[in-house]
Visitor: 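I am attaching a structure below and will ask some questions about it afterwards.
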Number of protein chains: 2
Amino acid sequence: MPKPADAVASTAASRTPALTDDLSFLLARANAISLAAGNAALAEHGLKARSYSVLLLTTDDARPSQREIAEFLRLDPSQVVSLVDDLQSRGLVERRTDPADRRANVVVATDAGRRLAAAARETARSAEEHVHGQLTREERQRLTELLRVLAFPER
Amino acid sequence: MPKPADAVASTAASRTPALTDDLSFLLARANAISLAAGNAALAEHGLKARSYSVLLLTTDDARPSQREIAEFLRLDPSQVVSLVDDLQSRGLVERRTDPADRRANVVVATDAGRRLAAAARETARSAEEHVHGQLTREERQRLTELLRVLAFPER
DNA sequence: TATTGTTATACTCTATAACTATA
DNA sequence: TATAGTTATAGAGTATAACAATA
């Protein structure tokens, strides 16, 4: 007859590596929590994590094309089409054909887009503060550095 | 007239914190890469990250119910239904009504399920090795600890 | 020929509500 | 009344292929 205490001990100690030790699983679960919190917070601006990211990129001096946005966010170019469609219909961004390559659309934020991006960034920041608040500033910094290696691997 | 060199310098240095410094964004991008690699690797066993995670949990001594699986994987209970349906139809897991609470289904792996889980775990391990290979063993260990805090926050 | 953006389509995933059986 | 599992459904996200304009 199995003893409950032993069963618990074996699950806690002598087991083969479980999901709670699995980097990929922890990445998935942490991301799910972070994404849900971000989407909930950004909703007040009519944004989600995706559209927020696109909007933020369009406020950048780098002036990315749709293709560059797709690569950076790991989205299919066709998904960027509808994200930019939405932001453009709300007057937040504009498409400008790149004079240097007239196939490409450079996407730039309008003044209204920049204002919304700034407000949304504050919202996102305080939502992150809440989600990541269990970590010290140093731990967050370290985590950011480690994740950057995984997110942007050297070729 | 803007000088290109200055523009590049400003994007690299004096800019407001961009997405590459954003923990939530890095989490999302790293997870997307890890998930894509995991799904590709597990395909040879007819599994994806989701079904693999469910199968692995059913090999655990803890004998989780569908509701517990849903909570642990942050899935809706209805999603667990179809994941378990699939695994069960392939003879990899069984549903047993919990004698202590006859509403609940305890999901347990069959022998075939255990064998597949073991093989899939090896596949997953080597896929992870490839994805996370840019980090040293110590860095991976540190990253795992930090992510665990975000993935399982104290209440 | 190859690439950028676009459209269309199918598929998966996610979220929600309602139902049943048990508690 | 509340909970576990199930079913159904609608919406969001993902993946693919084909096309026009441009390189």
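Computation of the quantities below employed the complete heavy-atom set of this structure, encompassing side-chain atoms and omitting hydrogens, waters and symmetry-equivalent molecules. Computed from a predicted structure; not experimentally measured. By convention in this document, chain letters (A, B, ...) are assigned in the order of the sequence lines, proteins followed by strands, and residues within each chain are numbered from 1.
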Visitor: Nearest whole Å is fine: how far is D:dA8 C1' from B:D85 CG?
Guide: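 Answer to the nearest Å: 14 Å.
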
Visitor: Between the side chains of B:E128 and A:S24, does any donor sit under 3.5 Å from an acceptor?
Guide: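 Yes, side-chain donor-acceptor contact under 3.5 Å.
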
Visitor: Given atom CD of A:Q66 and atom P of C:dT4, what is their separation to the nearest angstrom?
Guide: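 After rounding, the gap between these two atoms is 11 Å.
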
Visitor: On a heavy-atom basis, which atom in B:T97 and which in B:R102 lie closest, and how many Å separate them?
Guide: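 Between these two residues, the closest heavy atoms are CB-O, 4.5 Å.
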
Visitor: Strictly under 4.0 angstrom, non-hydrogen atoms only: write out the protein contact profile of nucleotides 13-23 of chain D, one letter per nucleotide from the 5' end, B, S or -.
Guide: SS-B----BBS

Visitor: I need the CG-P distance between A:N31 and C:dT14, as an integer number of Å.
Guide: 11 Å

Visitor: A:V81 has a side chain; which of C:dT6, C:dT4, D:dT6 sits nearest to it?
Guide: C:dT6

Visitor: Starting at atom CD of A:E68, determine the distance to atom C1' of C:dG5, rounded to an integer number of angstrom.
Guide: 13 Å

Visitor: Find the distance B:E71:CD to D:dG5:C1' and express it as a whole number of Å.
Guide: 14 Å

Visitor: With sequence neighbours excluded, what pairs up with A:D101 under the side chain to side chain donor-acceptor pair (under 3.5 Å) test?
Guide: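 Only A:R103 meet the side chain to side chain donor-acceptor pair (under 3.5 Å) criterion with A:D101.
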
Visitor: Find the distance A:Q88:CD to C:dG5:P and express it as a whole number of Å.
Guide: 13 Å

Visitor: Residues two or more places apart in sequence or in another chain: which of them pass salt bridge (Lys or Arg N to Asp or Glu O under 4.0 Å) with B:E129?
Guide: B:R140

Visitor: Shortest non-hydrogen contact from A:R95 to A:N105?
Guide: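 Shortest heavy-atom separation between A:R95 and A:N105 comes out as CD-ND2, 3.5 Å.
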
Visitor: What is the minimum heavy-atom distance between B:V54 and B:V84, and which atoms define it?
Guide: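 Here B:V54 and B:V84 meet closest at CG1-CG2, 4.3 Å.
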
Visitor: Once you round it to whole Å, what is the distance between C1' of C:dT3 and CG of A:N105?
Guide: 13 Å

